[in-house]
There are 2 protein chains.
Amino acid sequence: MSGLRERKKEATRAALSWAAVRLTAERGWSAVKVEDIAAAVGVSPRTYNNYFSSKAEAIAFRHLERSLRLAAELRHGPPGEPLWEAIMRAALRQLEPGPEVEHMPPQGPDEWAAGLRVMLAEPALEAEMLRAGKIAEKELAEAIADRAGMNLGADLYPRLVAASVMAASNVALELFVQGGTGEPMEVLLPRALRMVAAGLPTP
Amino acid sequence: MSGLRERKKEATRAALSWAAVRLTAERGWSAVKVEDIAAAVGVSPRTYNNYFSSKAEAIAFRHLERSLRLAAELRHGPPGEPLWEAIMRAALRQLEPGPEVEHMPPQGPDEWAAGLRVMLAEPALEAEMLRAGKIAEKELAEAIADRAGMNLGADLYPRLVAASVMAASNVALELFVQGGTGEPMEVLLPRALRMVAAGLPTP
DNA sequence: GCGCAAAAATACGTGCCACGCATTTTTCTG
DNA sequence: CAGAAAAATGCGTGGCACGTATTTTTGCGC
């Protein structure tokens with residue numbers, strides 16, 4: 001695997017996804033046609049659907065990738081590490097900006113948060129983002145089950161941990177995007193993870 | 001409110017939702033046209049879209065209603081009751097079959113679970129179900145924040161509890177639908193809720 | 001280098017669906 | 001019972017997902 005062919009494919013996929021995000025942020029969701037996204041990347045409209053099976057999927061793709069990396073990292077970390085420490089480390093790693101930031105226009109986090117909010121206001125996008133999270137959650141649950149020597153079909157634990165981790169991530173992101181407290185994700189996310197790990201007794 | 005007018009509207013909405021579920025279980029998702037659903041209820045296709053803004057929304061509606069009831073029940077319960085006890089009680093209440101079972105063909109839980117699995121295999125449906133859960137989660141978070149005298153914009157706690165409750169519900173449902181263990185929801189759900197409430201230390 | 005097989009991109013066509021707008025029918029209210 | 005409000009409907013439009021057939025590109029062994 002990882003031949004030139006596949007890397008080019010991934011590059012095209014990333015380009016389409018990025019173009020979808022950028023155009024949507026600029027013009028709004030309904031003003032962007034699939035044709036536009038394809039044109040921005042220099043590809044035929046039909047080809048777009050060879051990469052993504054819906055308009056929304058292209059936007060959720062970046063979210064999906066980030067979330068999947070969390071599971072992957074959990075698998076490749078030191079096996080002896082306590083579970084929650086490994087989770088914490090892997091989760092924080094996802095906050096580091098990836099190499100795709102080069103393409104990112106230099107706007108501040110406020111504009112970015114605003115863009116996110118606008119996007120998630122669109123029902124179709126919200127739904128697709130959640131679906132991406134769900135797919136990643138499944139991967140995460142499998143990784144955890146492997147680590148703990150458990151069975152996904154029989155034990156609640158791996159699924160519960162995976163679901164709780166995603167829940168904590170989502171909640172932290174919501175609070176961050178909404179921007180009530182000025183705290184950055186690097187603060188909110190670990191706090192949320194520690195809370196779900198330790199339990200949520202009535203305070 | 002609650003005049004004859006609104007009750008008729010709700011009846012139509014429920015009928016459309018139910019027809020969508022039944023037809024999809026019978027013929028499969030892509031074989032059901034909006035026209036069919038409307039015809040089954042005796043309403044014009046255009047009217048369908050006055051009730052639901054997408055084909056999938058009609059199916060997710062039942063899930064949405066059930067989930068919303070959880071939040072509503074939390075609000076109307078005894079305010080002095082400890083939070084997690086109230087949650088447990090409200091969650092278990094949702095498992096009791098509602099009055100809509102009269103319309104349900106007398107098929108066993110196995111066929112029903114199989115139908116559910118087929119439906120959730122459809123990406124568009126999975127996404128819409130998740131969105132419904134998210135909407136309910138927001139209500140739930142608000143109800144919890146009210147109870148605890150907290151602020152949704154400032155405190156992680158209400159959102160985290162709400163997200164964890166939904167996560168536990170979903171995980172229990174997944175395990176039940178997948179059917180690995182023969183345990184009923186009445187067993188799986190309380191166990192999952194107790195686990196997220198108490199925390200998830202590495203076992 | 002070179003041609004061949006596999007894979008990807010494209011062109012074209014189809015059916016469904018979401019939705020805006022204008023009109024008709026039904027229901028509530030005074 | 002009459003007028004107003006709200007819901008249902010008819011009609012038309014544009015876009016999107018997708019099947020199929022065709023062309024172009026790419027990887028690879030010789």
Side-chain angles (χ1 to χ4, degrees), chain A residues 1-17 19-21 23-24 26-61 119 121-129 131-132, chain B residues 1-17 19-21 23-24 26-61 119 121-129 131-132:
Chain A
M1 52 175 150
S2 178
L4 189 147
R5 198 171 197 135
E6 321 210 355
R7 276 190 292 128
K8 255 200 137 167
K9 241 182 104 130
E10 284 316 298
T12 304
R13 195 188 303 276
L16 283 171
S17 171
V21 169
L23 289 175
T24 301
E26 286 174 9
R27 313 182 195 168
W29 172 245
S30 62
V32 176
K33 312 297 161 214
V34 168
E35 192 186 341
D36 303 332
I37 304 173
V41 177
V43 106
S44 96
R46 182 62 184 85
T47 295
Y48 172 92
N49 281 94
N50 291 344
Y51 284 92
F52 299 110
S53 60
S54 84
K55 197 168 56 139
E57 206 177 291
I59 290 191
F61 175 68
M119 291 217 229
E122 204 67 34
L125 283 183
E126 184 189 8
E128 197 61 32
M129 293 287 239
R131 195 170 76 92
Chain B
M1 48 175 151
S2 178
L4 188 145
R5 199 175 195 124
E6 322 212 354
R7 277 189 292 125
K8 257 200 136 165
K9 244 182 101 127
E10 284 316 298
T12 304
R13 194 188 303 275
L16 283 172
S17 171
V21 170
L23 289 176
T24 300
E26 285 175 8
R27 311 180 196 171
W29 171 245
S30 63
V32 175
K33 313 294 162 217
V34 170
E35 192 186 343
D36 303 332
I37 303 173
V41 177
V43 103
S44 95
R46 180 64 185 82
T47 296
Y48 172 91
N49 282 92
N50 291 346
Y51 285 92
F52 299 109
S53 61
S54 84
K55 197 167 57 138
E57 206 176 294
I59 289 191
F61 174 69
M119 290 218 234
E122 204 68 35
L125 282 182
E126 184 189 8
E128 197 61 32
M129 293 287 241
R131 196 171 75 94

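The sequence lines fix the lettering, A, B, ..., with proteins before strands; numbering per chain opens at 1.
- Panel note: side chain B:T12, backbone B:K8; a donor-acceptor pair is recorded below 3.5 Å.
- No donor-acceptor pair closer than 3.5 Å links the side chain of B:R131 to the backbone N or O of A:E126.
- We find that CD1 of B:I37 is positioned 11 Å from C1' of C:dC17, with the value rounded to whole Å.
- When the C1' atom of D:dC16 is taken as reference, atom CG of A:L16 falls 16 Å away, rounded to whole Å.
- Rounded to whole Å, atom P of D:dC16 lies 15 Å from atom CD of A:E57.
- Side-chain atoms of A:S17 do not come within 3.5 Å of backbone N or O of A:R13 as any donor-acceptor pair.
- Using a 4.5 Å heavy-atom threshold, the side chains of A:I59 and A:W29 count as touching.
- A:K33 places its NZ atom 12 Å from the C1' atom of D:dT13, with the value rounded to the nearest Å.
- Taking atom NZ of residue B:K55 and atom P of nucleotide D:dA17, one finds them 14 Å apart after rounding to whole Å.
- In this structure, B:K55 is not positioned above the aromatic face of B:Y48 in the sense of NZ or CZ being under 6.0 Å from the six-membered ring centre and within 45° of the axis.
- Atom CD of A:E35 and atom P of C:dT10 are 13 Å apart (whole Å).
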Give every pair of a protein N or O atom and an N or O atom of nucleotides 6-11 of chain D that lie under 3.5 Å apart, one pair per line with the distance.
{"residue": "D:dA6", "atom": "O4'", "partner": "B:R5", "partner atom": "NH2", "Å": "2.9"}
{"residue": "D:dA8", "atom": "OP1", "partner": "B:Y51", "partner atom": "OH", "Å": "2.5"}
{"residue": "D:dA8", "atom": "OP2", "partner": "B:Y51", "partner atom": "OH", "Å": "3.1"}
{"residue": "D:dT9", "atom": "OP2", "partner": "B:S44", "partner atom": "N", "Å": "2.9"}
{"residue": "D:dT9", "atom": "OP2", "partner": "B:T47", "partner atom": "OG1", "Å": "2.4"}
{"residue": "D:dG10", "atom": "O6", "partner": "B:R46", "partner atom": "NE", "Å": "3.4"}

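- Per the geometry, CZ belonging to B:F52 stands 14 Å off P belonging to C:dC19, to the nearest Å.
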Can you list, pair by pair, the side-chain donor-acceptor contacts under 3.5 Å of residues 33-43 of chain B, counting residues two or more places apart and other chains?
{"residue": "B:K33", "atom": "NZ", "partner": "B:S30", "partner atom": "O", "Å": "2.6"}
{"residue": "B:D36", "atom": "OD2", "partner": "B:R27", "partner atom": "NH1", "Å": "3.3"}
{"residue": "B:D36", "atom": "OD2", "partner": "B:K33", "partner atom": "N", "Å": "3.0"}

